[in-house]
Structures are given as C-alpha cells and as structure tokens.
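Both ligands and their constituent atoms are indexed starting at 1 by order of listing.
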Amino acid sequence: MNKIIIGNLKAYMTYQDVKNYVDKITDNVILCPSAIYVPYFLNHNYKVGLQNISCYDNGAHTGEITAEQAKEIGISYVIVGHSERRYEQNETDSQINKKIVKALEKNINVILCIGEKKGENKEKIIKKQLLSALENVNDLSNVIIAYEPIWCIGTGITPTNNEIQTTIDFIQTILYEKCSQNAKIIYGGSVDKDNINILKNIDNLSGFLIGKASTDCEHLKKIIDSL
Ligand code: 13P
C-alpha cells in the first residue's frame, strides 16, 4: 500500500465500539478518533490524529485542545477545515488559518479539508479556501490537502475519476504557484470498499480520507487490501 489512508471516525463510536476496534487495525494508516478516545488509539501501528485543534496556546480557553497538548500526548496529525466544522460550527477561514499555523509550529501534520457545495463555483471556492487557510504557510511538507466535495460526504455519491483528476490538477497548480512545491492531495467523500477499486486508478491522488466506512474495521481492512 503506497497510498495515504486516513480514517475520520467523526463522532460515530461508543466506548464499546472503540474497545472492539483499536487492536484490529494493524496497518500503517492514520486514524482520527474523537479526542476523548485518543489514549486508546495511541501505541499501535497506526498514527493518531485529532479532528480539530485550538487556534490558541495553552491557557484559559475552556473546552480547547492545544497543539502543545496534542503533541505531548503523541498526536501527529490534525484535520482542519472539515466542512462539518466550517458549516455546523461556523468555523471561519481566519480561524482555520490560525489552527494550521499552531499545529505546524508544534510539528503536527495538517490535513486541510477543502471542497465545494453542489452548484457552487468549484474553482473559485477551492482557490479561496486554499489561499486563506495557507496564509503565511509556504512549506507544504507537513500538509496534506483533502479534497472533499460536500455533496459527496455521506451521500454515497462520488465524482467521476475524470472530475476528481481535473480538480486535483487545479489544486496542484494553485499550490505550486504559491509554494513552488508539489502537494500531497487526497480525496474524501463516500469512499468505500466497492468504489475504491475505481477511485484507486486516479494517478495524481496520494490517498483517501474515509469517514463512515472507516468506523467498521472489517470494511476499512477491505479498502486497505484493495490498494
Ligand atoms: P464519508 O466517507 O462518510 O462520506 O465522509 C467523508 C468525510 O467527511 C471524511 O472526512
């Protein structure tokens, strides 16, 4: 498997689910559980990521988890800018940028999610999301871009390979203009054990960000085995 596989476990799992899951995944993937379950996921073959991070440093910020705290406990990745945070929590481009800067300062790899709603001007939205999120970030070595069209998240719908490939090229062009570097770009949105056999043929993709299907270890293993 030479693709990056990231499981965004969202808020799907109960404590019992977690106990039945953590020892069953033995591959070198990246799993992002709810923050309260992080200790159960640490010290396995996989890497552990958070689903969100504070834009503040340690201090009087009730309910926040800072990059320093995350790094100290063994977190190596963080998802930033997921549409479920942009739109459910009204997270702004400026907050997203601050979170990215804080994570990178502590050497935590960033998984930056971008993507358009159905009917939106895709190129315009993606360009704005990328440039605002990555303001003052000029080295993409520790950044993974996850292209997640919102109309594909949790819907069972995926774009065609051609559509994804064109969008990935577009993202790559913008980032190359900005940073003179190629970025690692992955796709997310209804990836499962069946469509992975089609999606894996997109040759400019570095991997996949998987939501619901990653919460079932047998399902996730099937996806990993297909790659
Ligand atoms: P689904 O795989 O459940 O569509 O979720 C995708 C996603 O949002 C990953 O971050």
Side-chain angles (χ1 to χ4, degrees), residues 3-14 17-18 21 25 27 29-35 37-38 41 46-53 75-91 96 99-100 103 108-118 120 122 125-126 129-130 133 143-161 163-164 167-168 171 183-200 202 205-227:
K3 298 276 189 199
I4 302 166
I5 299 287
I6 306 175
N8 177 5
L9 301 170
K10 306 194 181 185
Y12 278 116
M13 293 170 116
T14 64
D17 295 333
V18 168
Y21 182 96
I25 305 291
D27 300 271
V29 293
I30 301 157
L31 296 174
C32 304
S34 297
Y37 297 139
V38 160
F41 281 78
Y46 43 81
K47 304 265 190 322
V48 186
L50 290 180
Q51 298 172 14
N52 182 32
I53 195 94
I75 293 292
S76 42
Y77 287 82
V78 63
I79 297 172
V80 181
H82 195 282
S83 57
E84 286 152 18
R85 297 203 58 82
R86 287 181 194 265
Y87 298 104
E88 282 176 13
Q89 310 298 328
N90 294 322
E91 210 165 86
I96 289 166
K99 290 176 182 204
I100 292 173
I108 296 176
N109 296 286
V110 167
I111 303 152
L112 167 62
C113 297
I114 56 166
E116 81 288 358
K117 292 182 182 161
K118 193 81 194 161
E120 275 181 341
K122 177 164 68 179
I125 288 279
I126 284 179
Q129 287 176 339
L130 281 172
V143 177
I144 297 171
I145 307 294
Y147 171 55
E148 298 208 302
I150 295 171
W151 48 281
C152 297
I153 296 178
T155 58
I157 302 168
T158 52
T160 63
N161 281 13
E163 279 174 297
I164 296 176
T167 309
I168 301 306
I171 295 168
K184 294 177 280 295
I185 308 176
I186 64 176
Y187 168 80
S190 295
V191 176
D192 64 23
K193 62 182 172 27
D194 300 318
N195 60 28
I196 194 70
N197 291 305
I198 300 167
L199 295 168
K200 72 178 182 188
I202 305 172
L205 261 192
S206 297
F208 299 94
L209 177 53
I210 306 161
K212 184 82 164 78
S214 71
T215 65
D216 172 343
C217 49
E218 294 306 324
H219 195 151
L220 181 58
K221 275 196 251 176
K222 283 191 180 131
I223 296 175
I224 295 166
D225 290 345
S226 302
L227 293 169

Minimum-distance protein heavy atom relative to atom 2 (O) of ligand 1: G211 N, 2.9 Å
Considering only the protein, which heavy-atom contact is closest to atom 3 (O) of ligand 1, and what is its distance? K212 N, 2.9 Å
Parallel, tilted or perpendicular: which fits the ring planes of Y21 and F41, with parallel below 30° and perpendicular above 60°? tilted
Quick one about K200 and S226 (side-chain donor to acceptor, distance below 3.5 Å, no hydrogens or angles considered), yes or no? no
[X] heavy atoms, cut-off 4.0 Å: which ligand 1 atoms fall inside?
{"X": "H82", "value": "7 (C), 8 (O), 9 (C), 10 (O)"}
{"X": "L209", "value": "9 (C), 10 (O)"}
{"X": "K10", "value": "5 (O), 6 (C), 7 (C), 8 (O)"}
{"X": "G154", "value": "1 (P), 4 (O)"}

Hey, does I144 have a side-chain heavy atom less than 4.5 Å from the side chain of I6? yes
Look up atom [atom1] in [X] and atom [atom2] in [Y], then write down how far apart they are to the nearest 0.5 Å.
{"X": "I79", "Y": "N8", "atom1": "CD1", "atom2": "CG", "value": "3.5 Å"}
{"X": "L130", "Y": "L112", "atom1": "CG", "atom2": "CG", "value": "6.5 Å"}
{"X": "N195", "Y": "D192", "atom1": "CG", "atom2": "CG", "value": "4.0 Å"}
{"X": "I126", "Y": "E120", "atom1": "CD1", "atom2": "CD", "value": "10.0 Å"}

Give yes or no for whether the N/O distance cutoff of 3.5 Å, strictly under, is met between [X] and ligand 1.
{"X": "E84", "result": "no"}
{"X": "I210", "result": "no"}
{"X": "E148", "result": "yes"}

Contact region, I153 to ligand 1, non-hydrogen atoms below 4.0 Å, reads both
Hits for ring-ring contact (aromatic ring centres under 6.0 Å, His included) against Y37, two or more places apart or cross-chain, chain-then-number order -> none
Can you tell me if S190 contacts ligand 1 (heavy atom of the residue under 4.0 Å from the ligand)? yes
With the threshold set at under 4.0 angstrom, would you say G188 reaches ligand 1 through any of its heavy atoms? no
